[in-house]
Amino acid sequence: MLLALMLPLGLHAQRHEVHILSANDMHATLGAFPMLADVADSLRTLYPGLLVFSAGDNRTGDPLNDMYEIPAYPMVALMNQVGFDATTLGNHEFDSGARGLARLIGLSNFSYLCANVFPDDSLAMHLLPCKVFDVEGVKVGVVGAVQLGTHGQPDTHPDNCRGISFAPVNETVAKYEWLRRQCDVVILLSHNGFEEDVASSALFPWVDLIIGGHTHTQLDGGEMHNGILITQNENRLKKVTHITLVLDDGKLVEKRAENINVSQHQGQNKVVADMVRFFSNNPTFERVLTQAERPFSSYEELGCMMCDAFASEAGADVAIENYGGVRYDQFPVGPITVSDVLRLDPFGNNAVMMELTGEELRQMLISCFVNDNNLFPFVSGVVCDFVMDANDSTRIKKLTLRTPDGKKFDLKKKYRVVTNSYVSSICDAPRKDQGHDINKKTADLIIAYLEKQQGVNYQGTKRINVQ
């Protein structure tokens, strides 16, 4: 009799799996898309209800994409073809300005989810705070959020955010707890960085999964924090994550995540490969400028070269480049092309010249560190000795400037200082001269400089010393 009573219960018990393919910080890596598309195709064969998500920074990193007739359209077209379901906004989604972003969203077949971004109605930006997906009867609620820097905006030039207001991430996400009551699974699609995601896991126990981006943190599948699975990969589509969520009778009972190595994947989607070839057909970018005589092996070596180019071509005494403005940390021996420069400095920033005293320059370098995620800037025409607080590695205790030949820097003398328009806008240290645009792109300064060099060798170059 007991067996007879239990049998109907067993017949009604249901087990479901939700499968997700997630990417983050793709940065316009067009060449990886044929393999990514094949990964998605293979998973869909096994799991027809597959969801494909991006945690932001889809663009900015390849001139073929970023300098296209409609900036960043190649990435949108490729994401459409792969079948992405949603993305959140990364800070670099704003790099072509509010109207440029609104246009891209209008060309996308997938949703843009970002709860803490509020565009003016005049922009007609079709942005959603959250969305509920139905996966074979399982309701999956997704809310998105993007990081905000020290000035209350994402890390892009402030002019790119005109017409858009922002709200703090945690304050905003907390308003979407109602998703827990309506959905079987709740996901935070986050472009906030790994440490922030870990902090969020303690604040939002009603979230099941955080798909993260921004800090390019390579996790081994995923990590559990406060009962919440967090995933993230390094940038440029080297890896993606396959996430499996198992539900019994509507209750989430298992969470798994595994990395898929896109860079070593053997298969290719032929249609996507043809699209990449089409978008890549621009020989202008392959023009050779000079030769790297020795390999570059750090951000600083490349940053020093960039700063030397700024100073030389702008006729400045000192040049500054923020750490985040140098987009790769190594480069091999061999030719350096226009395309290489535009990948190194992909933001389209203008060069800004200002006249600063040595003390104003010192304060500006400190401000650049504070407002660029506590990362040290790179320089030309000066050597910087930073002494950090022993109890707080994010606080500069002392900064001493020296001339390149080791002499004491004159803090009262005035210097011609060139930097990019992003640095001039985020550095809020007091200075009399706010600077003027010299009507040249920083990337153009680098191209002009390299064209004049028979070869370049920056191996071992170091102008930032930290104690």
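Throughout, numbering of the chain's residues begins at 1 and tracks the sequence. None of these values were measured; they are calculated from a predicted model.
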Undergrad: Let me see the working for Phe166 and Phe94 under ring pair (Phe, Tyr, Trp, His ring centres under 6.0 Å), right down to the final yes or no.
TA: CA-CA 13 Å; Phe166 303 88; Phe94 299 90; 5.7 Å; yes

Undergrad: Does a sphere of radius 6.0 Å around CE in Met67 hold more than 12 heavy atoms from other residues, nucleotides or ligands, not counting ones at 6.0 Å or beyond?
TA: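 Count not over threshold, so no.
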
Undergrad: How long is the straight-line distance from CG of Leu302 back to CD of Glu321, given to the nearest 0.5 Å?
TA: 11.0 Å

Undergrad: Where do Ala167 and Thr172 come nearest, in terms of heavy atoms and distance?
TA: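 Closest approach of Ala167 to Thr172, heavy atoms only: CB-OG1, 3.3 Å.
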
Undergrad: Only one of Asp197, Leu188, Leu209 passes side chain to side chain contact (heavy atoms under 4.5 Å, CB included) with Ile230; say which it is.
TA: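 The option that passes is Asp197.
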
Undergrad: Taking only Lys NZ, Arg NE, NH1 and NH2, and the carboxylate oxygens of Asp or Glu, determine whether Glu300 and Arg463 approach each other closer than 4.0 Å.
TA: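 No, no charged N to carboxylate O under 4.0 Å.
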
Undergrad: Parallel, tilted or perpendicular: which describes the rings of Phe84 and Phe33, with under 30° parallel and over 60° perpendicular?
TA: tilted

Undergrad: I need the minimum non-hydrogen distance between Ile211 and Ile187, along with the two atoms involved.
TA: CD1-CG2, 4.0 Å

Undergrad: Give me the one residue out of Met354, Lys414, Glu355, Lys432 that meets side chain to side chain contact (heavy atoms under 4.5 Å, CB included) with Glu360.
TA: Lys432

Undergrad: For Asp220, does the CG atom have more than 12 heavy-atom neighbours from other residues, nucleotides or ligands under 6.0 Å away?
TA: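 For Asp220, atom CG is not crowded (no more than 12 foreign heavy atoms under 6.0 Å).
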
Undergrad: Just by distance, no angles: are the side chains of Asp385 and Gln467 close enough, under 3.5 Å, to form a donor-acceptor pair?
TA: no

Undergrad: Give me the ring orientation class for Phe296 and Tyr458: parallel if the planes are under 30° apart, tilted from 30 to 60°, perpendicular past 60°.
TA: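 It falls in the parallel class, under 30°.
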
Undergrad: Got more than 12 heavy atoms from elsewhere within 6.0 Å of OH, Tyr73?
TA: no

Undergrad: Could you measure the distance from the CG atom of Leu229 to the CD atom of Glu223? Nearest 0.5 Å is fine.
TA: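 If I round to the nearest 0.5 Å, the distance is 9.5 Å.
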
Undergrad: Quick one, Asn269 and Val82 - any side-chain contact, counting heavy atoms below 4.5 Å?
TA: no

Undergrad: Around atom NZ of Lys413, are there more than 12 heavy atoms from other residues, nucleotides or ligands closer than 6.0 Å?
TA: no

Undergrad: Measure the spacing between CE of Met388 and OG1 of Thr394 and express it to the nearest 0.5 Å.
TA: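 One finds 7.0 Å between CE of Met388 and OG1 of Thr394.
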
Undergrad: Do the side chains of Asp62 and Arg343 get close enough for a salt bridge, i.e. N-O under 4.0 angstrom?
TA: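 Yes.
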
Undergrad: Rounded to the nearest 0.5 Å, what separates atom CG in Asn259 from atom CG in Leu219?
TA: 8.0 Å

Undergrad: Set out, in order, the CA-CA distance, both residues' side-chain angles and the distance that settles salt bridge (Lys or Arg N to Asp or Glu O under 4.0 Å) for Lys239 and Glu234, then state yes or no.
TA: CA-CA 7 Å; Lys239 294 182 180 180; Glu234 61 182 314; 5.2 Å; no

Undergrad: Among His27, His191, His92, which residue satisfies the ring-ring contact (aromatic ring centres under 6.0 Å, His included) criterion with His214?
TA: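 With His214 as partner, His27, His191, His92 yield a single ring-ring contact (aromatic ring centres under 6.0 Å, His included), made by His191.
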
Undergrad: Determine whether more than 12 heavy atoms belonging to other residues, nucleotides or ligands lie under 6.0 Å from atom CZ of Arg103.
TA: no

Undergrad: Given ring pair (Phe, Tyr, Trp, His ring centres under 6.0 Å), test Phe376 with Phe386 step by step and report yes or no.
TA: CA-CA 9 Å; Phe376 297 98; Phe386 289 88; 4.7 Å; yes

